[in-house]
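Have a look at the structure below, then the notes.
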Amino acid sequence: MTEGIIFYEERNFQGRSYECMSDCADMSSYLSRCHSCRVERGCFMVYDRTNFMGNQYFMRRGEYADYMSMMGMSDCIRSCRMIPMHRGSFRMRIYERENFQGQMHELMEDCDNIMDRYGMSNCMSCNVMEGQWLMYEQPHFRGRMMYMRPGEYRSLMSMGMSNMSGMRVMSMRRIMDSCY
């Protein structure tokens, strides 16, 4: 069984639908709006702008009959990204300033508050070496989020994401196999 998410134009899985089994950079030609979805298997990030930009929302297996109002989302989901399953260790280095400068800490576990644990008031760059992670603007995995896959991120603020404007990264969590 492969990963899959089905988007519906209306609440309670009504109206036109679009099934997505992989990344989709522009859903606007399939649906004019989206008020509910069903994640058949796997985990996905959905975005309110095309090309995986804008506000991001994490969706795990389950039914979301009216997830737009539940999550405070608009009705304009424009792209989605499948999060690949990761079986192995997790490792990420976070930096206090852009371009891997300032205080650095290596994480292999979730961190619910970088201020309490490391005395860092923000994370401005990171290097994800293993696994997929979610970064949150508030402690205890709350607020706006950002999906991070393996790679070097020299400046989290200049990644072109509208949801990062004024955002401080204060907690991060591993995306574990439990969502599959």
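All figures in this text were calculated on a predicted structure; none of them were measured in a lab.
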Evaluate the ring planes of [X] and [Y], with Trp represented by its six-membered ring, and classify them as parallel (under 30°), tilted (30 to 60°) or perpendicular (over 60°).
X	Y	value
Phe141	Tyr136	perpendicular
Tyr30	Tyr18	parallel
Phe52	Tyr47	perpendicular

Are any of the side-chain heavy atoms of [X] and [Y] separated by less than 4.5 Å?
X	Y	result
Met172	Leu107	yes
Pro84	Gln132	yes
Arg38	Ile5	no
Tyr95	Met104	yes
Ser171	Asn113	no
Asn55	Arg144	yes
Cys126	Met148	yes
Cys123	Ile114	yes

**OP:** Would you check, one step at a time, whether the test side-chain contact (heavy atoms from CB on, under 4.5 Å) holds for Arg173 with Trp133?
**Re:** CA-CA 6 Å; Arg173 171 179 278 165; Trp133 298 72; 5.9 Å; no
If you measure only the distance, is there a donor-acceptor pair under 3.5 Å linking the side chains of [X] and [Y]?
X	Y	result
Ser32	Glu9	yes
Glu130	Ser89	yes
His140	Gln138	no

[Y] backbone acceptor or donor facing [X] side chain under 3.5 Å:
X	Y	result
Ser79	Arg49	yes
Asp26	Thr50	no
Glu98	Ser125	no

Taking [Y] as the starting point, is it possible to reach [X] by hopping between hydrophobic residues whose side chains are less than 4.5 Å apart?
X	Y	result
Met146	Met92	yes
Met135	Met108	no
Val39	Ile6	no
Tyr153	Met170	yes

Could you grab the distance from atom [atom1] of [X] to atom [atom2] of [Y], nearest 0.5 Å is fine?
X	Y	atom1	atom2	result
Ile77	Cys24	CD1	SG	11.5 Å
Cys20	Arg81	SG	CZ	11.5 Å
Arg97	Arg154	CZ	CZ	14.5 Å

Quick check: closest heavy atoms across [X] and [Y], and the distance to 0.1 Å?
X	Y	answer
Met145	Gln56	CG-O, 3.5 Å
Met21	Met82	O-SD, 3.9 Å
Ser36	Phe13	OG-N, 3.0 Å
Phe7	Cys34	CD2-SG, 3.6 Å
Glu10	His35	C-CB, 3.6 Å
Met59	Cys37	CE-SG, 3.4 Å

Original post:
Step by step, would you call Ile94 with Met120 a side-chain contact (heavy atoms from CB on, under 4.5 Å)?
Top reply: CA-CA 10 Å; Ile94 60 172; Met120 290 175 68; 4.0 Å; yes
**OP:** Establish, yes or no, whether the cationic atom of Arg93 lies under 6.0 Å from the six-membered ring centre of Phe100 and within 45° of the ring axis.
**Re:**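 Here Arg93 fails the 6.0 Å and 45° test against Phe100.
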**OP:** For side-chain contact (heavy atoms from CB on, under 4.5 Å), just list the numbers for Glu137 and Arg168, CA-CA rounded to whole Å, side-chain angles, deciding distance to a tenth of an Å, and then say yes or no.
**Re:** CA-CA 5 Å; Glu137 74 174 329; Arg168 292 164 43 119; 5.8 Å; no
**OP:** For Leu134 and Ile175, run side-chain contact (heavy atoms from CB on, under 4.5 Å): C-alpha distance rounded to whole Å, both residues' side-chain angles, the deciding distance at 0.1 Å, then the answer.
**Re:** CA-CA 7 Å; Leu134 289 175; Ile175 300 176; 3.8 Å; yes
Subject >> Option among Arg117, Arg174, Arg91 that satisfies the salt bridge (charged side-chain N to carboxylate O under 4.0 Å, His left out) test with Glu109 >> reply: Arg174
Original post:
Near Arg16 CZ, under 6.0 Å, is it more than 12 heavy atoms from other residues, nucleotides or ligands?
Top reply: yes
